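Remember, it's a predicted structure, so these values are computed and weren't measured experimentally. Computed over heavy atoms, backbone and side chain alike; hydrogens, waters and symmetry mates excluded.
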Protein chains: 2
Amino acid sequence: MSRQRGYHHGDLRAALIATSFELLAEGGLRRFSVAAVARRLGVSSAAPYRHFPDRDHLLSAVSGAAAEDLRAAIRAAADAAGADPADRLAAVAGAYFRYVVTTGAGFHVIFAAELHRVADEQRRARTRALMDTLFELATATAVPSYQQALPLIEAIIAVGHGYSSLFTDGFFARNTRTVEEIATRATEAARALIR
Amino acid sequence: MSRQRGYHHGDLRAALIATSFELLAEGGLRRFSVAAVARRLGVSSAAPYRHFPDRDHLLSAVSGAAAEDLRAAIRAAADAAGADPADRLAAVAGAYFRYVVTTGAGFHVIFAAELHRVADEQRRARTRALMDTLFELATATAVPSYQQALPLIEAIIAVGHGYSSLFTDGFFARNTRTVEEIATRATEAARALIR
DNA sequence: GTCTATACCGGGATAGAC
DNA sequence: GTCTATCCCGGTATAGAC
């Protein structure tokens, strides 16, 4: 509270990540840039490079945070859905949709191509944990093996991601669909896919 | 065949659109730029501006062509699916997936936000025709009204688009899924949604 | 650890020659 | 109708002062 002026001190690293989320939420990956993050924080364009060697490493940190947050959101949604494994898995699609629409940080960010060569163990551990959670929820249904769980996960995420893409691309613009309305639809669609 | 050298004559306008599709297929909207198109065609960066006032108008022409091509692909897939209206509608998801994976020109291009202010009647007519075709296929199922057809269309497109996004973002990379394999999955998922 | 200043790059777009 | 040349802008990244 004591930093009305001279804001730029304390934990710039954390602030860079937080502001990156803001930019992603507002304009997606397209408008994310180191320069824009710095500008919004009121620091020079060089300041971020004290904390991250380049753009991709900042994005990697954001990706790791997103993986962790998304995993928590999915867990919470599954628990809220009750005890039936199919209901719990279906809730993933709705949770994914809500998270991506709110933050702009979906799988296209978490698994962005430019991150493949960024060696960031924390991010990798977090994305692995996210996938583990998805496998847990998928194998809790009738599905016996990992081999068969993967296509199921892909279908669920495809539904959530598809709705979120259409939403953020403005496809629903004319028909005032609310986030919750579509999240419900995504969940129902996922439920139908599980059988 | 007589233009090995001095390629830059004939129909640059059409060539610009064709090359734009190439770039979209290779790198999506991210790598599409007037400069890149001109470079690949071996013309100066100024040449395209004789045919399109700005970037967005070129993109609009590409969008219109994509809408027309996608409509044709959807029609063909529906016809190939047989007579059952539900099968015909489900085929839309597979056709959409195939088209977007092949061309990079899905709804995120056809309905790109930056096109809203571009007054291009041909594009608008073509996107309207595309939507008309989707409504035709949707209302041919048990669905009685347009009001109820729209959510159905949204679900089908969400499935196709979701799979295509995951595919182009490299989510399927480790598991060598072929385009046809996933197109079949998308179609089956759509079939499950229709009930 | 942040600043100013700078170099470099690529894309958008225009002017004027041919 | 295409060219060369040019300008502007914004993003990435580095050097060196404080």
If you check the B:L12 side chain, which of D:dT2, D:dT12, C:dT4 turns out closest?
-> D:dT2
In terms of the nearest nucleotide of DNA chain C, which residue is placed more toward the 5' end: A:H51 or A:S45?
-> A:H51
Is the A:Y163 to A:Y96 ring centre distance short of 6.0 Å?
-> no
When we call it a touch if two heavy atoms are under 4.0 Å apart, what does B:A35 touch: a base, just sugar-phosphate, or nothing?
-> sugar-phosphate
Hey, does A:A36 reach any base, or is it just sugar-phosphate, or nothing, if we go heavy atoms under 4.0 Å?
-> nothing
Between C:dT2 (P) and A:R13 (CZ): distance, integer Å | 13 Å
Can you see which heavy atom on B:L29 is nearest to which on B:H108, and at what distance?
-> CD1-O, 4.0 Å
Between A:R50 and A:S33, whichever has its closest DNA chain D nucleotide further toward 5' is A:S33
Specify the separation, in whole Å, of atom CZ of B:F52 and atom C1' of C:dT14.
-> 18 Å
N-O pairing of A:R126 and A:D69 below 4.0 Å | no
Can you tell me how far C1' of D:dA13 sits from CG of A:L58, to the nearest Å?
-> 14 Å
Spacing of B:R40 atom CZ relative to C:dG11 atom C1', expressed in whole Å = 16 Å
Atom CZ of A:F32 and atom P of D:dG11 are separated, to the nearest Å, by 11 Å
Option passing ring-ring contact (aromatic ring centres under 6.0 Å, His included) with B:F97 (candidates B:F107, B:F167, B:F172) | B:F167
Shortest side-chain distance from B:A47, nucleotide among C:dT2, D:dT2, C:dA13 = D:dT2
Gap between atoms CG and P, on B:L41 and D:dT2 respectively (whole Å) = 10 Å
Closest listed nucleotide, where the reference is the side chain of B:A46 and the choices are C:dG12, D:dT14, C:dT14 = C:dT14
To the nearest Å, give me how far apart CZ (B:R31) and P (C:dG10) are.
-> 14 Å
Quick one: A:L16 CG to D:dT12 C1', roughly how many Å, whole number?
-> 15 Å
When the ring planes of A:F171 and B:F111 are compared, do they come out parallel, tilted or perpendicular, using 30° and 60° as the limits?
-> tilted
Touch class at under 4.0 angstrom, heavy-atom based, for A:R39 against every strand present | sugar-phosphate
